[in-house]
2 protein chains.
Amino acid sequence: MRHRLKDVAERAGVSVKTVSNVVNGYQHVRPATRARVEAALAELRYRPNLSARNLRKGRTGVIALAVPELDIPYFAELARHVVAAAADHGWTVLIDQTGGGRERERVAAAGIGDHLIDGLIFSPLSLTADDLTDLDGVPMVLLGERVDHGPADHVVIDNVTAAREVTAHLIGLGRHRIAAVGAQPTPEGAGARLRLAGYTAALTEAGIGYDERLVAATPAWRRADGAAALRHLLASGTRPDAVFCFSDTLALGALRALHEAGLRVPTDVAVAGFDDIEDGRFSVPTLTTVAPDKERIARLAVDLLAGRLGGDRDAPPRELTAPHRLTPRESTA
Amino acid sequence: MRHRLKDVAERAGVSVKTVSNVVNGYQHVRPATRARVEAALAELRYRPNLSARNLRKGRTGVIALAVPELDIPYFAELARHVVAAAADHGWTVLIDQTGGGRERERVAAAGIGDHLIDGLIFSPLSLTADDLTDLDGVPMVLLGERVDHGPADHVVIDNVTAAREVTAHLIGLGRHRIAAVGAQPTPEGAGARLRLAGYTAALTEAGIGYDERLVAATPAWRRADGAAALRHLLASGTRPDAVFCFSDTLALGALRALHEAGLRVPTDVAVAGFDDIEDGRFSVPTLTTVAPDKERIARLAVDLLAGRLGGDRDAPPRELTAPHRLTPRESTA
DNA sequence: GAGATCCTTTACAACGTTGGCGACAACGGT
DNA sequence: ACCGTTGTCGCCAACGTTGTAAAGGATCTC
């Protein structure tokens with residue numbers, strides 16, 4: 001069914017090694033021989049057995065991307081860019097869905113598919129630095145600010161600054177009762193913590209007091225969580241004039257809840273999100289958000305991995321910051 | 001760094017094969033030996049080299065899922081379910097993003113990662129049956145109705161019936177000028193063709209004439225395409241009282257364009273979509289849609305693949321139909 | 001107590017590929 | 001014509017794993 005080097009070699013009347021040389025672009029093969037081998041390759045539709053090649057070379061050409069959930073638009077968009085960036089290096093991407101739980105994430109970090117992958121790009125939710133210390137697995141690049149000063153390479157955005165900019169933007173509209181949605185009480189929610197810090201910093205700069213009733217924690221960052229948080233906030237009698245959600249999905253849920261409560265956006269309540277997912281560009285109203293440069297994040301991560309695979313496995317961990325941009329739209333017009 | 005069976009064997013004072021036997025749960029190993037080996041395994045944190053195992057056994061435990069774009073919510077949600085279903089079989093999923101182009105799809109079908117995968121679940125956009133005839137690769141399961149009567153297993157939903165039900169639902173609201181958005185003029189757009197057929201059938205049943213000015217073709221099924229189609233429709237002076245979009249993303253774009261045109265949904269124009277993506281449950285208004293059972297689709301596909309891998313590679317191709325459900329929401333209330 | 005039967009462990013080969021190196025041919029310079 | 005160099009090609013071994021089959025030991029049966 002499937003042919004091996006040996007079959008091609010027999011057909012071309014050369015040795016297995018010569019076929020291998022042709023396949024791998026080795027220089028010193030006589031044009032006539034090369035032509036004969038190439039004809040045989042085409043006739044038999046030869047495709048290398050990557051497992052065997054990998055066993056021999058120690059490389060698979062496959063990297064893994066581990067994300068909490070694929071159907072969260074931010075991760076889906078990120079995955080798209082990672083797959084594209086990996087393709088530039090000739091790599092295939094194996095995607096792992098961790099669910100965000102600590103145990104599954106530890107398993108993923110410890111080695112998805114083990115020797116099947118050359119490297120791992122990992123966007124953890126609940127993993128701590130401790131979980132990563134004693135890993136002797138493949139090179140890893142972490143995405144997002146969840147694990148501080150871990151032993152691995154890291155691509156982040158400046159969450160604090162971004163959150164401060166959004167909040168300042170809302171304050172600039174004359175809003176003073178600004179809710180923050182998406183805080184995470186767990187110690188692992190580093191992203192949430194940083195965004196909350198930016199929010200607080202902006203309030204302080206503007207001389208606005210911090211009101212904990214305006215800060216809503218959510219178990220996750222899905223639309224339903226955002227809607228529930230807003231419903232709860234409004235039901236408790238707290239009436240914000242702006243809402244900063246820590247993700248766009250939260251914000252879209254919030255928009256929905258505000259709509260149900262009969263409040264107009266942005267007239268009554270301005271709303272801003274974070275992530276710049278495509279939904280926010282078509283929602284009613286369109287969503288003001290922080291746009292992290294996802295393509296850049298993906299490319300930086302892949303390039304970091306390429307560097308590790310290229311040799312310097314023992315260089316100290318690097319941390320790169322991708323740019324972001326505040327993108328005002330109708331929800332804060 | 002990474003340890004092999006040989007290292008474990010030396011530490012435990014047994015042969016390589018005995019360690020292999022322990023790892024693979026072979027019955028006849030003396031408890032004392034087993035304990036010693038297991039201790040060594042744990043100490044060295046042994047992890048099998050899957051490439052070597054695969055080379056020996058001819059199986060990788062990895063299947064591929066090929067979709068046009070990961071950041072189209074329908075595919076992202078589908079991917080989520082496929083990954084989950086595959087996990088039940090102990091499989092990892094390698095995701096390939098084809099972009100929907102014919103050439104990339106042919107390459108994908110011809111063998112992603114080649115010997116690295118045991119099987120392929122494939123959701124093609126522009127591939128034709130011809131492209132699949134001479135494939136001698138790994139077992140494949142096709143998703144969606146794009147390739148009719150191809151040589152491979154197939155999981156579909158009843159597009160015609162579903163589209164007819166949606167259209168009938170709109171007619172039931174007393175609407176008679178019902179636009180259809182998402183037609184695809186290319187011969188490959190089988191999904192679009194079937195949904196259009198269902199739309200037409202419902203009109204005929206209700207005695208409503210087919211008006212081609214109400215049928216909008218779109219290059220793709222993204223939000224932007226839906227918005228552009230509606231803008232174009234309205235600009236041309238055609239004024240529908242309902243819109244059936246062939247996907248939810250199209251519908252969300254349509255909602256946006258209607259909003260911009262100052263038309264109220266559903267009062268002035270009712271809108272229905274197709275796919276039941278999460279966005280539609282939180283949009284303003286929430287979106288009436290056809291909900292294909294994505295979890296079932298994923299599980300059927302994975303099970304079909306499991307069947308092929310389990311032995312009957314030469315059984316005739318099977319076609320399974322997953323259920324769908326019309327889900328009325330605010331946009332047609 | 002001898003042979004048969006079982007359990008436990010091991011040696012060997014093979015999966016398909018490529019790196020190292022050696023064999024041989026062709027070519028250039030003297 | 002001879003030697004050295006360069007180019008071309010093939011043999012062998014190895015990557016880490018598991019299937020086969022056989023060896024070695026223990027236990028059982030008569």
Side-chain angles (χ1 to χ4, degrees), chain A residues 1-41 44-62 90 111 113-118 136-138, chain B residues 1-38 40-41 44-62 111 113-118 136-138:
Chain A
M1 207 75 190
R2 216 90 190 229
H3 297 107
R4 305 154 299 163
L5 281 185
K6 194 179 166 206
D7 304 314
V8 180
E10 279 167 10
R11 189 174 199 96
V14 296
S15 79
V16 170
K17 188 63 216 288
T18 300
V19 181
S20 170
N21 284 338
V22 171
V23 170
N24 291 285
Y26 179 66
Q27 296 283 343
H28 303 297
V29 178
R30 216 179 345 148
T33 314
R34 179 183 298 277
R36 236 177 33 251
V37 170
E38 270 166 355
L41 285 171
L44 298 181
R45 300 221 215 114
Y46 171 76
R47 311 203 151 258
N49 181 326
L50 295 191
S51 285
R53 178 179 282 176
N54 166 40
L55 177 59
R56 186 62 235 250
K57 313 229 288 190
R59 286 283 183 84
T60 59
V62 177
D114 287 298
H115 288 265
L116 262 189
I117 62 170
D118 294 340
D136 54 351
V138 296
Chain B
M1 208 74 190
R2 215 91 188 230
H3 298 107
R4 304 155 299 163
L5 282 183
K6 193 179 168 208
D7 303 315
V8 180
E10 279 166 11
R11 190 175 197 95
V14 296
S15 78
V16 171
K17 190 63 220 284
T18 299
V19 181
S20 170
N21 285 338
V22 170
V23 170
N24 291 284
Y26 180 66
Q27 295 283 345
H28 303 297
V29 177
R30 213 173 356 141
T33 314
R34 180 184 299 277
R36 241 184 20 257
V37 170
E38 270 166 356
L41 285 170
L44 297 181
R45 298 221 218 117
Y46 171 76
R47 309 201 151 261
N49 181 327
L50 295 192
S51 285
R53 177 178 285 177
N54 166 41
L55 177 60
R56 188 61 237 253
K57 312 229 289 192
R59 286 283 184 85
T60 59
V62 178
D114 289 297
H115 288 266
L116 260 189
I117 61 169
D118 294 340
D136 56 350
V138 296

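Side chains are part of it too, since the values below use all heavy atoms of this structure and drop only hydrogens, waters and symmetry mates. Just so we're clear, the structure is a prediction, and the values are computed from it rather than from any experiment. By convention in this document, chain letters (A, B, ...) are assigned in the order of the sequence lines, proteins followed by strands, and residues within each chain are numbered from 1.
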Rounded to whole Å, how long is the line connecting atom [atom1] of [X] with atom [atom2] of [N]?
X: Arg59(A); N: dC15(D); atom1: CZ; atom2: P; answer: 18 Å
X: Arg36(A); N: dT8(D); atom1: CZ; atom2: P; answer: 14 Å
X: His28(A); N: dG7(D); atom1: NE2; atom2: P; answer: 5 Å

Looking at [X] and [Y], what are the two nearest heavy atoms and their distance?
X: Val16(B); Y: Lys6(B); result: CG2-CA, 3.9 Å
X: His3(A); Y: Tyr46(A); result: O-CD1, 3.5 Å
X: Ala12(A); Y: Arg36(A); result: O-NE, 3.0 Å
X: Ala9(B); Y: Val19(B); result: CA-CG2, 3.6 Å
X: Arg34(B); Y: Gln27(B); result: NH2-O, 3.5 Å

**Prompt:** Bend angle of the helix from dG1(C)-dC30(D) to dT30(C)-dA1(D) from five-pair axes at both ends, rounded to 10°?
**Reply:**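 Both end axes considered, the difference amounts to 40°.
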**Message:** So, OP1 or OP2 of dT10(C): does either fall under 4.0 Å of a side-chain N or O from Thr18(B)?
**Reply:**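 So the side chain of Thr18(B) is within the cut-off, an N or O lying under 4.0 Å from OP1 or OP2 of dT10(C).
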**Prompt:** Are any of Thr33(A)'s side-chain N or O atoms less than 4.0 Å away from OP1 or OP2 of dC9(D)?
**Reply:**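 It does, given that an N or O in the side chain of Thr33(A) lies less than 4.0 Å from OP1 or OP2 of dC9(D).
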**Item:** Donor-acceptor pair, side chain of Asp118(B) and main chain of Thr60(B), under 3.5 angstrom
**Value:** yes
**Prompt:** What distance do Leu5(A) atom CG and Leu44(A) atom CG have between them, rounded to the nearest 0.5 Å?
**Reply:** 11.0 Å
**Item:** Reported NE2-to-OG1 distance for the pair His28(A) and Thr18(A), which is rounded to 0.5 angstrom
**Value:** 13.5 Å
**Message:** I need a per-nucleotide contact map over nucleotides 16-27 of chain C, read 5' to 3'. Cutoff is protein heavy atoms under 4.0 Å; write B for the base, S for backbone only, - otherwise.
**Reply:** BBBBB-------
